[in-house]
Amino acid sequence: MNEFTAIIPAAGKGVRLLPYTANMPKTMICVAGKPILGHILDQVESLGIKKVVFIVGYKKEAIIEFVQSQYPHLEANFVEQPEPKGLGQAIYLAKEKVSGPCFILLGDTIVDGDLKPLVFGGQNAIGIRAVQDPSRFGIVELKNGKIVSFEEKPARPKSNLAIIGAYSFLDSAQLFSALEEVIRSGKTVKNEIQLTDALSVLLARGVEIHPVQMNDWFDCGTVEVLLQTNRLLLDRHHRIPAGLERNNKIIPPCWIADGVQAQNCTLGPYVSIAYEAQLTDCALKDAIVGPQTRLQNKTAEHTVLDKYNF
Ligand code: G1P
């Protein structure tokens, strides 16, 4: 067992994904056959990390139930963030549960590549990627390959290199001390205590944070981006459980979870269906079907369906 603790902040509501987030937290929204949180925890498992601290708030029961039923072997700790005061505060709340090295993966961050170089590179590290709309993100400025500044959602970004939401710290105590400095100073951006500001504090203290380019990062901020992410992931991971093609027409690529029941359906291309869904007489393409969704006589394209919205 490795000594890293994973911290997954997942307290946010995800207003840009309404109505899907009216009944569940953003991290439980499905893409490519499983909740975003499932993709995150699969990454955590592939890194061999056993201890995970979840920062929960909005609709926390859904997260706790999912983690306990689907990932029972993880050593899961749940810490509540009572009010949405920002990512910096969310991470600081994990302080009592974390010592030694830690790896942070934001609850809406899907990385479909190898995170080992970032996490186990033997240095503090942060995942970055060039984006078209840098003012929506935390931004790093590089000089000779080294980070010389961090800024959260700047109006005039100094670069187009966004912080993707994956961070690795060799010494979590250093991080918590930097967060404490930000909290004490009263500094906020957009009314929230920012993790990015703690990174600036670390930089000012002479602590190096190594940038790691991550091109396999998928944003899930809006329904449109969610469907796009679904298509991109299905191009890489096509999966149909044995026997499903007997009573249905499946047009690849699709990702259908084990145990999904389907009868007399035409599914695909680009359809993902999560666990315990049941479909009869449906024709779907370019669609995401969430867990435990029941659909009958449904013809739809370019849409997200879940047990509350169908
Ligand atoms: C957070 C971070 C930001 C980062 C982004 C990645 O912002 O504060 O630095 O670039 O995640 O998605 P949020 O998306 O919570 O506004």
Side-chain angles (χ1 to χ4, degrees), residues 6-18 21 25-29 31 36-37 39-40 43 54-58 63 81 83-94 102-113 115 118 124-142 147 149-169 175 178-179 182-183 187-203 209 211-226 228-229:
I7 306 176
I8 302 177
K13 183 165 178 180
V15 280
R16 289 185 302 151
L17 278 171
L18 281 168
T21 49
K26 182 176 177 186
T27 196
M28 290 303 294
I29 300 288
V31 61
I36 297 170
L37 187 57
H39 291 274
I40 291 175
Q43 276 284 3
F54 298 87
I55 315 302
V56 294
Y58 178 71
I63 293 175
Q81 184 181 29
E83 283 174 75
K85 285 193 182 160
L87 181 59
Q89 193 220 27
I91 300 297
Y92 189 69
L93 289 169
C102 70
F103 166 58
I104 301 172
L105 194 52
L106 303 188
D108 56 1
T109 303
I110 294 183
V111 178
D112 190 44
L115 278 165
L118 185 145
N124 298 320
I126 181 170
I128 59 166
R129 188 190 171 167
V131 293
Q132 285 178 345
D133 44 355
S135 52
R136 265 187 53 209
F137 299 97
I139 293 299
V140 303
E141 182 192 1
L142 300 186
I147 297 178
S149 80
F150 291 99
E151 207 176 352
E152 182 66 18
K153 304 193 180 84
R156 277 192 229 110
K158 289 182 185 147
S159 83
N160 64 346
L161 299 173
I163 295 170
I164 65 158
Y167 318 73
S168 179
F169 296 97
L175 172 67
L179 280 165
V182 177
I183 292 167
K187 176 161 194 224
T188 57
V189 177
K190 297 192 189 285
N191 265 327
E192 294 184 341
I193 298 159
Q194 299 292 347
L195 176 59
T196 304
D197 287 329
L199 304 182
S200 300
V201 169
L202 288 173
L203 200 64
I209 302 174
V212 178
Q213 295 273 354
M214 295 292 320
N215 293 327
D216 293 318
W217 167 49
F218 297 99
D219 186 19
C220 296
T222 62
V223 172
E224 205 45 52
V225 181
L226 203 64
Q228 187 193 8
T229 297

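This chain uses plain numbering: 1 for the first residue, then up along the sequence. Counting starts at 1 for both ligands and their atoms, in listed order.
Looking only at protein heavy atoms, the nearest one to atom 8 (O) of ligand 1 is Glu152 OE2, 2.7 Å. The protein non-hydrogen atom at the shortest distance from atom 11 (O) of ligand 1 is Leu106 CD1, 3.3 Å. In terms of protein heavy atoms, atom 13 (P) of ligand 1 is closest to Lys153 NZ, 3.6 Å.
Atoms of ligand 1 found under 4.0 Å from any heavy atom of Gln194 (numbered from 1 in listed order, with element): 8 (O). Each of the atoms 9 (O) of ligand 1 lies under 4.0 Å from some heavy atom of Thr196.
Below 3.5 Å of separation, one finds an N or O of Gly138 facing an N or O of ligand 1.
Residue Leu195 holds its CG atom at 14.0 Å from OH of Tyr92, rounded to the nearest 0.5 Å.
Lys13 places none of its side-chain heavy atoms less than 4.5 Å from the side chain of Lys26. Inter-residue side-chain proximity for Ile139 and Ile163 is flagged as unmet; no heavy-atom pair is nearer than 4.5 Å. By the 4.5 Å heavy-atom criterion applied to side chains, Trp217 and Asp112 are not counted as neighbours.
Under a 4.0 angstrom heavy-atom cut-off, Leu195 registers as lying outside contact with ligand 1.
Closest approach of Arg129 and Gln213 over heavy atoms only: CA-OE1, 4.4 Å.
In this structure, atom 15 (O) of ligand 1 has no protein heavy-atom contact shorter than 4.0 Å.
Proximity of Ile163 to ligand 1, defined as any heavy-atom pair under 4.0 Å, is shared by backbone and side chain alike.
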